[in-house]
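Just so we're clear, the structure is a prediction, and the values are computed from it rather than from any experiment.
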There are 2 protein chains.
Amino acid sequence: MPDPESITNPQVQRTHRAMLDAARRLLSDNGPSAVTHLRVAEVSGVARATVYRHWPDRADILLDLLSRSADLHLTPPPPDLPVTDRVTALLRTFAATLNGDGGQILTAMIGLAEWDDDVFSALERMTTRGPQSLRNLLATGIEEGSVRSDTDVDLLSDRLIGPIYLRRLLYHDEVTDAYVDDLVAATLGPSLLG
Amino acid sequence: MPDPESITNPQVQRTHRAMLDAARRLLSDNGPSAVTHLRVAEVSGVARATVYRHWPDRADILLDLLSRSADLHLTPPPPDLPVTDRVTALLRTFAATLNGDGGQILTAMIGLAEWDDDVFSALERMTTRGPQSLRNLLATGIEEGSVRSDTDVDLLSDRLIGPIYLRRLLYHDEVTDAYVDDLVAATLGPSLLG
DNA sequence: AAACATATGATACAGTATGTCTCATCTAAG
DNA sequence: CTTAGATGAGACATACTGTATCATATGTTT
């Protein structure tokens with residue numbers, strides 16, 4: 001059985017990567033229920049026993065896969081722009097990730113996290129890092145005066161991210177840049193009038 | 001095999017209901033993957049063959065269960081109140097449903113709809129009725145002048161519902177009345193200043 | 001009340017999936 | 001070269017899946 005944390009053996013790295021790639025494809029094509037030891041073995045070409053050696057429990061495969069993919073790429077943009085523009089840029093990259101593979105992975109995690117605490121922990125790590133950088137950005141805006149000072153930062157973050165999630169996860173609509181622009185304008189715009 | 005649409009036979013009604021109750025409990029306790037013919041038969045006390053007679057495919061059980069539960073109770077409140085108060089009342093009942101069983105069922109549907117078109121159709125019916133009554137309410141507000149006329153109704157609906165979904169589905173936090181109140185105040189409040 | 005139609009229960013059956021084990025072979029590292 | 005560890009191939013028992021059969025129970029009709 002290979003060491004789960006620091007894998008130095010290149011043979012182990014190869015098989016592990018091949019199996020994870022297969023699991024990723026299975027998840028993307030057929031959903032979480034398709035990610036089993038048997039099917040991962042079939043798709044990856046690795047022996048079934050080896051899949052069990054790496055992940056004794058079926059949920060471990062998904063958790064490993066999801067933990068590695070749990071990056072929504074909500075990196076803060078360069079600080080030489082107005083806050084509202086930086087917020088827009090941040091949310092655009094976030095929406096782009098949701099439109100791509102991130103949306104499916106997030107969907108899978110939401111469906112599993114309700115009944116699996118480990119998946120929920122991974123989901124929590126995945127969904128707190130992004131909003132945090134957004135909150136920092138909004139806090140900067142409040143200091144600058146470009147965002148209303150009586151606005152709750154946490155709620156404001158929810159109001160910017162919530163509609164984007166809604167559109168992707170429930171409506172299965174692509175989140176366009178125009179949608180993000182309108183959302184930011186409607187949410188942060190009126191503050192300039194106060 | 002019983003007629004799926006108009007069941008008049010009381011015997012069929014009994015077994016069908018018993019099996020659906022078992023499926024509901026299994027879904028709530030252990031998630032969609034636990035809703036199988038075998039386990040529904042065990043929990044309900046019905047013979048396994050009978051479960052197959054009612055739903056030949058495993059997904060049909062969930063789809064039947066989800067379609068019946070797909071009511072988010074987004075009923076419009078009495079029209080003798082200001083629009084913003086009616087919006088608040090509407091969203092409060094919506095949040096209450098999400099806090100209860102509706103949240104788990106919706107979570108299950110989101111996780112399945114990504115890879116099952118039939119579930120997505122059911123999800124679509126479930127998530128369009130509610131926003132529609134909200135949109136009608138917001139349109140009334142625009143006519144009255146209590147909501148900014150330059151606001152896109154669809155976007156405004158998303159901005160009110162999105163954060164509520166976000167809080168329940170991703171954060172697993174209870175959506176309190178206070179949260180709804182703050183959300184409505186922040187979203188519709190500034191319009192009064194314009 | 002009797003006769004008919006249908007749904008259910010119980011069981012059997014083959015096929016497949018799951019989880020564990022063994023051992024020969026292969027790979028990596030000293 | 002030698003040794004430790006990982007993999008491949010297969011066996012094995014168990015459980016789950018999907019279908020079929022037939023006796024029994026239930027509902028409907030005359």
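- Of the residues near DNA chain D, B:Glu42 and B:Pro10, the one whose nearest nucleotide (by heavy atom distance) lies more toward the 5' end is B:Glu42.
- There is a side-chain donor-acceptor pair under 3.5 Å between B:Tyr179 and A:Asp158.
- Residue B:Val180 comes nearest to B:Ala95 through the heavy atom pair CG2-CB, 4.1 Å, listed as atom of the first residue, atom of the second, then distance.
- Under a 4.0 Å N-O distance rule, the pair A:Arg92/A:Asp181 qualifies as a salt bridge.
- Remark: side-chain polar atoms of A:Asp116 are paired, donor with acceptor, to backbone N or O of A:Val119 under 3.5 angstrom.
- Between A:Val46 and B:Pro56, it is A:Val46 whose nearest contact on DNA chain D lies nearer the 5' terminus.
- Between A:Gln11 and B:Ala49, the one whose closest nucleotide on DNA chain C sits nearer the 5' end is B:Ala49.
- Ion pairing of A:Arg168 with B:Glu114 is present here, as a side-chain N (NZ or NE/NH1/NH2) and a carboxylate O approach within less than 4.0 Å.
- Between A:His54 and the phosphate of D:dT7, there is a side-chain N or O to OP1/OP2 separation shorter than 4.0 Å.
- Taking only side-chain nitrogens and oxygens, B:Arg14 comes nearer than 4.0 Å to OP1 or OP2 of D:dG27.
- Among the nucleotides D:dT17, C:dA10, C:dA28, the one closest to the side chain of B:Arg48 is D:dT17.
- Rounded to 10 degrees, the angle separating the terminal helix axes of the helix from C:dA1-D:dT30 to C:dG30-D:dC1, each built from five base pairs, is 30°.
- Against DNA chain C, the stretch residues 22-41 of chain A makes heavy-atom approaches under 4.0 Å through A:Thr36, A:His37, A:Leu38.
- For the residue pair A:Asn136 / A:Gln132, a side-chain donor-acceptor distance below 3.5 Å is found, with atom types taken as modelled.
- Between B:Asp64 and B:Arg68 there is a salt bridge, since a side-chain N of the basic residue sits under 4.0 Å from a carboxylate O of the acidic one.
- Residue pairs satisfying the side-chain hydrogen bond (donor to acceptor under 3.5 Å, both in side chains) criterion with at least one member in residues 26-37 of chain A, sequence neighbours excluded, are listed as follows: A:Ser28-A:Gln104.
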